[in-house]
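First comes the structure, then the notes that go with it.
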Number of protein chains: 2
Amino acid sequence: MNNISILLAEDDNNLGLLLRNYLTAKNYETALFINGNLAFEAFPTGSFDLCILDIMMPEMDGIKLAREIRLLNPDIPIIFLTAKNQKEDIIDGFKSGADDYITKPFSMEELLYRIEAILRRTTSPAVNRKSESYSIGGYSFDTLKQMLAFNDQTIKLTTKESELLELLCRHGNEILERNFALKTIWIDDNYFNARSMDVYITRLRKYLKKDPSVKILNVHGRGYKLIS
Amino acid sequence: MNNISILLAEDDNNLGLLLRNYLTAKNYETALFINGNLAFEAFPTGSFDLCILDIMMPEMDGIKLAREIRLLNPDIPIIFLTAKNQKEDIIDGFKSGADDYITKPFSMEELLYRIEAILRRTTSPAVNRKSESYSIGGYSFDTLKQMLAFNDQTIKLTTKESELLELLCRHGNEILERNFALKTIWIDDNYFNARSMDVYITRLRKYLKKDPSVKILNVHGRGYKLIS
DNA sequence: GTCACACTTTAACTTTCTTTAACAGTAAGA
DNA sequence: TCTTACTGTTAAAGAAAGTTAAAGTGTGAC
């Protein structure tokens, strides 16, 4: 166990069990509740570090649940699960204080990335801040500081630049799927976000061109490959 | 070999052999079994790192097999192969502890991506795909960078060009079957994809004509042979 | 509050990649 | 020889991605 405890509220039992098993396998202590009421009753007793709430649930929906939880603990990170194209849900979700949300269907890997990202943002620096750093050819990239260094020159990346470069690094020398990247970073993989991503790819390529052995290759119709 | 050993259970012999050949070529040690019983009997003897199980199989189906395997080894990654739109299968699959599933038809590259993704999640740090390079007469071809070099001139190949040339190289001086190439790269071996492949063969021949000893020969009705 | 600034998205235009089409040439069997 | 399926080549059409600039958006300083 890594001492992280997750409250999971999901009424679809198949998905719920799948998620619980997966998160448990990933060393997150996970408590599953099949509706909002049960989750809310359990919340004060367990000392949870993170909540994953389905929005559409009978009895008490995820948004209402989030508001109640926030009254008890204003700082706890909350990730919403929602079906696609429920824009209103998403807006309501953010109003009720979501830190993040993820649209169904999603891959386990995607959810895991979100959890890690959110824990990185919210847990205190002293605790488990493992500063990941990648070396990309002659560059070195610190994901936490969001700094990209080449020899003595260092530039600060923006959040999106850094997140995209991190995903590329994680999938180093293999394909990073467009949709995966879009859903993990932009949440929604619509046309405009896809074009936005193109702009960021261009920018990253510009940053990385000092070392000619480093390349971000496009795989037509699928995604990108960072090679070094 | 990269020391990764895969158990593959698939009753369709065509697909089974195609998969085994491809995975073997990609340096995964692969054992193929044509039904669930045989696979299960063999499981304890071979020390496998990953299972790829067809769901629909006679005798013991993939889901039952997965459960049995999980009893022996709760952590081994399992990928299911399933026909499209078999939602129930997928859900059952996840209940029995699948890590991922892939719906037929799929490309080899897609499966490879899933395998790498799952290994990335379960083994750490990342298994970086090494850059393979082939020499073809006076040319040198880097599969990862997708670059084809002749003397001081280097051209960048597109993804499809590179995939096709890689298959040709891998079958160097022997025959690359049309259907194998089509299924591996284009997924579907229909008429239009076949014609598309012809176009790519023409293009590769153009790239390779600087060295007259290099030839892509057609074997009528069967496929192509790269000689150098 | 509003101004300035950094960050992100949208827009417009260009280039590249893949597939489809059209037509020509070639091998093999009836 | 003649027919038919297979292959070769080139051009075109359509979709995806590259690039640059402008327009939004939010955030902190004052």
Side-chain angles (χ1 to χ4, degrees), chain A residues 87 90-91 94-95 99 121 145-148 155-168 175-209 214-226, chain B residues 107 109-110 146-148 155-168 175-182 184-209 214-226:
Chain A
K87 281 266 157 63
I90 291 166
I91 290 162
F94 273 123
K95 275 189 201 156
D99 293 278
R121 287 203 298 265
K145 296 195 173 74
Q146 299 184 186
M147 300 284 248
L148 182 65
I155 58 167
K156 170 100 171 58
L157 302 182
T158 73
T159 308
K160 284 240 149 60
E161 287 166 357
S162 179
E163 285 178 341
L164 185 53
L165 185 54
E166 182 180 349
L167 279 192
L168 283 165
I175 298 181
L176 168 65
E177 301 279 339
R178 278 186 87 84
N179 282 353
F180 177 82
L182 281 167
K183 289 198 70 192
T184 46
I185 298 176
W186 277 266
I187 300 172
D188 195 359
D189 61 345
N190 63 33
Y191 172 80
F192 292 105
N193 287 336
R195 304 316 325 273
S196 195
M197 183 167 132
D198 292 340
V199 174
Y200 278 91
I201 288 288
T202 298
R203 204 166 308 159
L204 289 180
R205 283 188 176 133
K206 203 175 293 174
Y207 296 154
L208 292 172
K209 75 179 171 206
V214 175
K215 287 243 176 331
I216 299 176
L217 296 185
N218 172 252
V219 181
H220 195 94
R222 296 204 47 209
Y224 295 94
K225 244 182 348 186
L226 174 66
Chain B
S107 72
E109 209 200 339
E110 202 179 328
Q146 300 180 187
M147 302 283 247
L148 182 65
I155 58 166
K156 182 180 169 307
L157 302 183
T158 74
T159 309
K160 284 243 149 65
E161 288 165 358
S162 179
E163 285 173 351
L164 184 53
L165 185 54
E166 185 182 348
L167 280 191
L168 284 165
I175 193 163
L176 168 66
E177 301 279 341
R178 281 185 83 84
N179 281 352
F180 178 82
L182 281 167
T184 303
I185 299 175
W186 277 267
I187 304 174
D188 197 358
D189 60 345
N190 63 33
Y191 171 79
F192 292 106
N193 287 336
R195 303 316 326 271
S196 197
M197 183 166 130
D198 292 339
V199 174
Y200 278 93
I201 289 288
T202 298
R203 204 167 307 161
L204 288 180
R205 282 185 177 135
K206 202 176 292 174
Y207 295 154
L208 292 172
K209 74 180 170 204
V214 176
K215 288 250 178 319
I216 299 176
L217 299 183
N218 174 252
V219 182
H220 195 90
R222 299 217 26 224
Y224 295 94
K225 237 180 359 184
L226 173 67

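All values reported here derive from a predicted model rather than from experimental measurement. Every chain is numbered from 1 and lettered A, B, ... according to where its sequence line falls, protein lines coming before strand lines.
Taking the side chain of B/I201 as heavy atoms from C-beta on, and the options C/dA27, D/dT20, D/dG8, the nearest nucleotide is D/dG8. Distances were taken from every side-chain heavy atom of A/S196 (C-beta onward) to each of C/dA12, C/dT9, C/dT19; the shortest belongs to C/dT9. The nucleotide whose nearest atom lies closest to any side-chain atom of A/V199 is, among D/dT7, D/dT9, D/dT19, D/dT19. Of the candidate nucleotides C/dT20, D/dG8, D/dA17, D/dG8 has the atom lying nearest to any side-chain atom of B/N218. With C/dC17, C/dT10, C/dA21 as the candidates, the nucleotide lying closest to the side chain of B/K156 is C/dC17. Here the nucleotide nearest the side chain of A/D198, chosen from D/dT10, D/dA17, D/dT20, is D/dA17. Nearest nucleotide to the side chain of B/F192, out of D/dC6, C/dA21, D/dT20: C/dA21.
In this structure, the side chains of B/R178 and B/D189 stay at 4.5 Å or more apart for every pair of heavy atoms.
At the heavy-atom level, A/R203 lies under 4.0 Å from base atoms of the strands shown. At a threshold of 4.0 angstrom between heavy atoms, the contacts of B/R205 are confined to the sugar-phosphate backbone, with no base atom among them. Heavy atoms of B/Y224 sit under 4.0 angstrom from primed sugar atoms or phosphate atoms, though from no base atom. The residue B/T158 sits close only to the backbone: its heavy atoms come under 4.0 Å of sugar-phosphate atoms, none of a base.
Within the 4.0 Å cut-off from OP1 or OP2 of D/dT7, at least one side-chain nitrogen or oxygen of B/R178 is found. Residue A/T202 has a polar side-chain atom (N or O) positioned under 4.0 Å from OP1 or OP2 of D/dT19. Residue B/W186 places at least one side-chain N or O closer than 4.0 Å to OP1 or OP2 of C/dT19.
To the nearest angstrom, C1' of C/dT16 lies 10 Å from OH of B/Y200.
Looking at B/Y207 and B/E161, their side chains do bring a donor and an acceptor atom within 3.5 Å of each other.
Relative to the ring axis of B/F192, B/R195 does not place its NZ or CZ within 45° and under 6.0 Å from the centre.
Within a 6.0 Å radius of NZ in A/K209, no more than 12 heavy atoms belonging to other residues, nucleotides or ligands are found.
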